[in-house]
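Note that the structure is a prediction, hence the values are computed from the model and not measured. Just so it is clear: chains get the letters A, B, ... in the order the sequence lines come, proteins before strands, and each one is counted from 1. Hydrogens, waters and symmetry mates are skipped; everything else that's a heavy atom, side chains included, is used.
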2 protein chains.
Amino acid sequence: MPMGRWEPNARDRLAQAAMTLFQEHGYDRTTVEDIAARAGLTERTFFRYFTDKKEVLFGGSDALHERIVTTIAEAPQGTAPLDAVAAALEAMTPFFKDRRDHVRARQTLLAAHAELRERELIKLASMASAAADTLRKRGVTEPTASLAAEAGIAVFKVAFERWLEDPKAQDLSRHIQLGLDELRAVTASTGTVPPATPPQRPARPAKASRR
Amino acid sequence: MPMGRWEPNARDRLAQAAMTLFQEHGYDRTTVEDIAARAGLTERTFFRYFTDKKEVLFGGSDALHERIVTTIAEAPQGTAPLDAVAAALEAMTPFFKDRRDHVRARQTLLAAHAELRERELIKLASMASAAADTLRKRGVTEPTASLAAEAGIAVFKVAFERWLEDPKAQDLSRHIQLGLDELRAVTASTGTVPPATPPQRPARPAKASRR
DNA sequence: AGTAGTGATGTCAGTAGCTGACATCAAGGG
DNA sequence: CCCTTGATGTCAGCTACTGACATCACTACT
């Protein structure tokens, strides 16, 4: 069984080399050439696999993207938009399960580099947009589709962050559920008519005010 | 009254020069040197005012940021989190009023350049984060604060987009109001129980490759 | 077998975004 | 009148990224 002319999995090798070097020497003190060299390739080849130096940290995002779309597309007839989105968020969790440490290391990098956070945000936005598209194909109209999708991503962002920090290490899935509940609570009973009964959590007892 | 040694408003001149050149020749065929030259300055000086070539398109964002924070901080005691955020969104609208054409031209640029959209997204995220901080100072706990803030930004994104496309040219303010209402509708009455009546017909699950 | 094609990679040269270090020079204060 | 200061200019350099072209093992077809 002759091996190919080149070592296989160039893409993965590059991604791994990058992650290692970023952690060892920091993001900006690692040049693309360094990464390529460590993977046994050249800079030019790196840019054939990744459009960007940043992109090397976002390998799994296509798979996530697809998972979201198919999950929403396959939701049972009559599922409410936000429930379809919730199902999609749920369907994302396996990608992170048992990888909390790895994910956390990645987040540390993102926290230190705005350019990387920018990339993360546009990936999330692109997922929201795809989710909205899919909802629209199911007959959901605007602005409902976009709002359900964007709200879902908002929940995911918050849940994800809390999952990473959770000392009790509860499932991401659990945090998503909590986030959704909290979103419903936050949007319920507000607007022009204040609730008769104060919600929960009065840090400072205050008189009800209207707007 | 002798003028200063240099023409005043270097920053504004740079921003204007950039906008003009971007529209005339496109974003990436305009070099920073071009921009600086048109403003009667040098490339080096450009980078003293803007960290980035991209940043030159995001001049007003600090003012917006501040407006959000102060509006939330000054909301009456007892205002529900989402209502405080809604007030902040409302307070942003004057920045755009009567500038729809200019804003639209800017959006055209963003639409064509992912790097610019990334920057826009991180600005919005930073506003959400600031809004959440301010809510927290008012005694709102996590994850309520973050969710209210992120949901608010989600509403703003959708409202903003619809405002730009609205053939009836209704106020941004109006679109925000509609967005908030729709958000409340989307999050209400959902959860585990789907509605009895199915919505409209979905399109056939089609093969679509994104990205 | 011989040959032509294909695909992943390498080589090279060039552009432009961005930075650090240092120079300049008018305005204002003492 | 000198000294400081702040906005700008000059210069050199790094590196992310791109286009054009070369290479060369492997494949497929004749």
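Remark: A:D62 does not engage A:R11 in a salt bridge, criterion side-chain N to carboxylate O under 4.0 Å. Salt-bridge check for B:K54 with B:E115: failed, with every basic side-chain N at 4.0 Å or more from each acidic carboxylate O. Salt bridge B:R184/B:D83: present, at least one basic N to carboxylate O contact under 4.0 Å.
Regarding A:R29, its CZ atom lies at a distance of 15 Å from the C1' atom of D:dC14, rounded to whole Å. Distance CD (A:E55) to P (D:dT18): 12 Å, rounded to an integer number of Å. Distance, B:R11 CZ to D:dA7 C1': 14 Å, rounded to whole Å. In this structure, CD1 of B:I35 is placed 12 Å from P of C:dA16, rounded to the nearest angstrom. We find that CZ of A:F50 is positioned 15 Å from P of D:dA16, with the value rounded to whole Å. Taking atom NZ of B:K53 as the reference point, atom C1' of D:dA16 lies 14 Å away to the nearest angstrom. Per the geometry, CZ belonging to B:F46 stands 13 Å off C1' belonging to C:dA16, to the nearest Å. Here D:dA16 presents its P atom at 9 Å from CD of A:E33, a figure rounded to the nearest Å.
Within residues 15-24 of chain B, no residue is approached by DNA chain C to less than 4.0 Å at the level of any non-hydrogen atom.
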**Study point:** Under 4.0 Å protein heavy-atom contact, by nucleotide of nucleotides 7-14 of chain C - B base, S sugar-phosphate only
**Key:** BBBBB---
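Side-chain N/O atoms of A:E142 and A:S146 include a donor and acceptor closer than 3.5 Å. For the residue pair B:T70 and B:E74, no side-chain donor N or O sits within less than 3.5 Å of a side-chain acceptor on the partner.
Checking A:E120, A:R119, A:M19 one by one against A:L57, the side-chain contact (heavy atoms from CB on, under 4.5 Å) holds for a single residue, A:M19.
Shown here is B:Q16, whose CD atom has no more than 12 heavy atoms of other residues, nucleotides or ligands within 6.0 Å.
A donor-acceptor pair is defined here as one N or O able to donate and one able to accept, closer than 3.5 Å; such a pair exists between the side chain of B:K53 and the backbone of B:T30.
The two residues A:A105 and A:Q23 have their closest heavy-atom pair at CB-OE1, 3.6 Å.
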